[in-house]
Every structure is written in structure tokens, then in C-alpha cells.
Amino acid sequence: MLTSCPVCHCRTLRLFDKVSVGDGGAAPIYICESCLALLNGAAYDALETSHAAEMQQTDFYAVPADEPAASHLKQVAIYQNILRMFIEREERLLSEAVFLDFGAGRGYAALAAATTCRYAVACDYDLTPIHKVVDSLRSAAELPDNFIAVSDLDEVVDKFDIVFMWHVLEHLPQPTAFWRARRRQLQPDASFFIQVPMFRPNYVMDAHFVFFTEPSLARWAREIGAEVVHFGYDVPRGFISLHARMKGATARGDDC
């Protein structure tokens, strides 16, 4: 049962919309009157009988056995261009940076970052797609030696300088609490590179808990002790991106 905003913890939520979903059901969408996050009530209700990890299971990132290394390298190059849009605003020495691709899918972003960062970590619940990509690249002698894959962030000793979440933050039921708890694993000036879908009826599914707006993304950053560097939009697809940087001190949210 959703009783408070998982972004800013405000308890003033009101019904914003109802979206038709499979089997004739409807998902209530609530809006937080403080940060304007849009919350998928059906997804939070599903947590009463399912674990969040179970709700994220998908074959979207499945890797066909015959997919060649050249196909993976093409995707890595696409992510190198995506990362370039963010990294050009970074002042840190990338050759010393530890990069985290959180919710990595096939791990392409981490593989792209490995070309410029000290090392890159791909983290996901299910490492099967990543392992298949790694095996393919290793066979083609194209696997960087500064790339690792983990299913638990606690497996990584070093602190992260850059956290990349490409369509991942909306999959966390408690996005603020999660990253507050992980502050110890971030460098004081760590950067976040994020893209999320904005609210669209066709994006409503149990795996999407929060639909962020610009105010709610800014509030999320503030709540975990970061500040906004830049917002970007992919208007045709209804996506919003955020580049944020930690300020080195824990932020406290305002009372609602």
C-alpha cells in the first residue's frame, strides 16, 4: 500500500490518472503534491505478494547464442556516444575513475566506459546476458581487462566516481532510500548519469514504480545529497535525462 512518496517522503498524494492494463485491470497513478513524482499504485500493490527482484525479471536483454561479437561491439559504440554527452561536462580525471553501470542489462555501458575509466563495473540482478556478451567478446579478443560484472554492489571494494543508470531509477521502489543507503560506496563528488521514461500510459507496467518529472528528479538528487548539473529531453520518446553530482554532504529533505 502506497502511503508516502518514495522520492521525498511526502504523505500528500492524490489520484492523478487511471491507466488500463492487461486483463481489464486499471493502474492508479498518484501524484506527490510536494515533488510532483508520479507513482504507479499497481506496482506498489504488487510488492505485497512479489519481491522487487522478481518483478524485474525479463527476457528483454536475452542474448541469442549466435549473436556475433561485432553486433555487441556496435552496441558498445552507441553507448560510447551516449556517455560522451555526459562526460564532456565532467572535470574529473577519467583514467582514475571507477564507473558503475547499475541495472546493466547486457553491460554495454560499462564496456564502453572501460575504454576511458580505470575500471568499469556492470551490476544487475541477472548476469546471464552479461556473461554471454563477455564470452563472445573474449572469444574475439575484444574483452577489456578492466571490466567486471557483479550481482551485488557489496562485492565491489572501491568507491564509485560515476554511476550510470539508463532506464533503471524508475525500477527502484524506494529510489531515495536505496541511494542514501549506498552513500558510503560513492566518492564525495560522484556523478550520476540517468535517463528515465516520463509518464505515458504505454509505459505503465509493474516494473515501473516511479515516473519522474524534472522537479521530482531534482528533489531526488537533493535528497541523496547531490545537485543538478544538467537536464536533457528526448521529446519524441518521452524520456528525461539527468546529470547530477554529489556535494559531499548529506542532504535533509523538507517536511511536506
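Worth knowing before you read on, the calculation uses all heavy atoms, side chains too, and leaves out hydrogens, waters and symmetry mates. In what follows, residues are counted from 1 in the order of the sequence shown.
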Student: Within the 4.5 Å heavy-atom criterion, are Leu169 and Phe178 side-chain neighbours or not?
Tutor: no
Student: Answer yes or no: are there more than 12 heavy-atom neighbours, outside Glu91 itself, under 6.0 Å from its atom CD?
Tutor: no
Student: At their closest point, which heavy atom of Gln80 faces which heavy atom of Ala112, and how far apart are they?
Tutor: CG-CB, 3.4 Å
Student: With a 4.5 Å limit on heavy-atom distance, are the side chains of Phe147 and Val121 in contact?
Tutor: no
Student: For residues Pro215 and Leu36, report the shortest heavy-atom separation together with the two atoms involved.
Tutor: CG-CD1, 4.0 Å
Student: Do you know the tightest heavy-atom contact between Ala27 and Val204?
Tutor: CB-CG1, 3.8 Å
Student: Do you see a donor-acceptor pair shorter than 3.5 Å between the side chains of Asp124 and Tyr61?
Tutor: no
Student: Could you go through Ile130 and Val63, starting from their C-alpha distance and side-chain angles, then the distance that decides it, and tell me whether this counts as side chain to side chain contact (heavy atoms under 4.5 Å, CB included)?
Tutor: CA-CA 9 Å; Ile130 296 174; Val63 180; over 6 Å; no
Student: Would you check, one step at a time, whether the test side chain to side chain donor-acceptor pair (under 3.5 Å) holds for Asp145 with Tyr119?
Tutor: CA-CA 8 Å; Asp145 58 9; Tyr119 76 92; over 6 Å; no
Student: Are Cys5 and Leu13 close enough, and set up right, to give a side chain to side chain contact (heavy atoms under 4.5 Å, CB included), and what steps lead you there?
Tutor: CA-CA 7 Å; Cys5 176; Leu13 308 177; 4.1 Å; yes
Student: Test Gln185 against every option in Arg182, Gln187, Arg183 by the side chain to side chain donor-acceptor pair (under 3.5 Å) rule and name the one that passes.
Tutor: Arg182
Student: A side-chain contact here means heavy atoms from C-beta on lying under 4.5 Å apart; do Glu142 and Leu73 qualify?
Tutor: yes
Student: Can you check side chain to side chain contact (heavy atoms under 4.5 Å, CB included) on Leu100 and Cys123, steps first, answer last?
Tutor: CA-CA 7 Å; Leu100 170 64; Cys123 181; 4.0 Å; yes
Student: About how many Å separate OG of Ser216 and CD1 of Ile31, when rounded to the nearest 0.5 Å?
Tutor: 9.0 Å
Student: Are Val229 and Phe212 joined in one hydrophobic group, where the rule is that I, L, V, M, F, W and Y side chains link up if heavy atoms are under 4.5 Å apart?
Tutor: no
Student: Using the rule that Ile, Leu, Val, Met, Phe, Trp and Tyr join whenever any side-chain heavy atoms are under 4.5 Å apart, tell me whether Phe160 and Leu93 fall into a single cluster.
Tutor: no
Student: Just so I know, are the side chains of Phe99 and Asp101 near enough to count as touching, which here means a heavy-atom distance under 4.5 Å?
Tutor: yes
Student: Walk me through whether His72 and Tyr108 qualify under side chain to side chain donor-acceptor pair (under 3.5 Å).
Tutor: CA-CA 8 Å; His72 299 310; Tyr108 292 140; 2.8 Å; yes
Student: Any carboxylate oxygen within less than 4.0 angstrom of a Lys/Arg side-chain nitrogen, looking at Lys132 and Glu67?
Tutor: no
Student: Check whether Val168 and Phe231 end up in the same hydrophobic cluster, where Ile, Leu, Val, Met, Phe, Trp and Tyr are linked by side-chain heavy atoms less than 4.5 Å apart.
Tutor: yes
Student: For the atom pair OH (Tyr30) and OH (Tyr44), what is the distance rounded to the nearest 0.5 Å?
Tutor: 12.5 Å
Student: Indicate the atoms forming the closest heavy-atom contact of Val19 with Phe199, along with that distance.
Tutor: CG2-CZ, 3.8 Å
Student: Any non-hydrogen side-chain atom of Ser95 less than 4.5 Å from a side-chain atom of Thr116?
Tutor: no
Student: Which value, rounded to the nearest 0.5 Å, describes the distance between Ile162 atom CD1 and Arg92 atom CZ?
Tutor: 5.5 Å
Student: Under the criterion side chain to side chain contact (heavy atoms under 4.5 Å, CB included), I'd like the reasoning laid out for Phe86 against Ser191: C-alpha separation, chi angles, the key distance, then a yes or no.
Tutor: CA-CA 10 Å; Phe86 291 102; Ser191 289; over 6 Å; no
Student: Any Lys/Arg nitrogen of Glu223 or Arg219 sitting under 4.0 Å from an Asp/Glu carboxylate oxygen of the other?
Tutor: yes
Student: Is any side-chain heavy atom of Pro6 less than 4.5 Å from a side-chain heavy atom of Pro175?
Tutor: yes
Student: Hydrophobic clustering (ILVMFWY, side-chain heavy atoms < 4.5 Å, transitive) - are Phe211 and Leu47 grouped together?
Tutor: no
Student: Going by an N to O cut-off under 4.0 Å, is there a salt bridge joining Arg14 and Glu33?
Tutor: yes
Student: With distance as the sole test, does Ser4 use its side chain to make a donor-acceptor pair with the main-chain N or O of Arg11 at under 3.5 Å?
Tutor: no
Student: Just by modelled atom types, is the Val98 backbone N or O under 3.5 Å from a matching donor or acceptor in the Asp161 side chain?
Tutor: yes
Student: Please report the interatomic distance NE2(His230) to CD(Glu88), rounded to the nearest 0.5 Å.
Tutor: 8.5 Å
Student: For the residue pair Trp166 and Phe102, is the inter-centroid distance of their aromatic rings smaller than 6.0 Å?
Tutor: no
Student: What's the shortest heavy-atom distance between Pro64 and Arg106, and which atoms?
Tutor: CD-NH2, 3.7 Å
Student: Tell me whether Arg184 is salt-bridged to Asp154, with the criterion being a basic N under 4.0 Å from an acidic carboxylate O.
Tutor: yes
Student: Give a yes or no on whether Phe193 and Val228 share a hydrophobic cluster (residues Ile, Leu, Val, Met, Phe, Trp, Tyr; joining criterion: side-chain heavy atoms under 4.5 Å apart).
Tutor: no
Student: Go through the side-chain N and O atoms of Glu170 and Tyr203 and say whether any donor and acceptor fall under 3.5 Å apart.
Tutor: no
Student: In the structure I gave you, are the side-chain heavy atoms of His167 and Pro197 within less than 4.5 Å of one another anywhere?
Tutor: yes
Student: Could you tell me which non-hydrogen atom of Cys32 sits nearest to which non-hydrogen atom of Cys8, and how far apart they are?
Tutor: SG-SG, 3.5 Å
Student: Within the structure provided, determine whether His243 and Arg89 are in side-chain contact (heavy-atom separation under 4.5 Å).
Tutor: yes
Student: Mind checking the CD1-CG spacing from Ile29 to Asn40? Nearest 0.5 Å is all I need.
Tutor: 4.5 Å
Student: How long is the straight-line distance from CG of Leu186 back to CG of Leu153, given to the nearest 0.5 Å?
Tutor: 9.0 Å
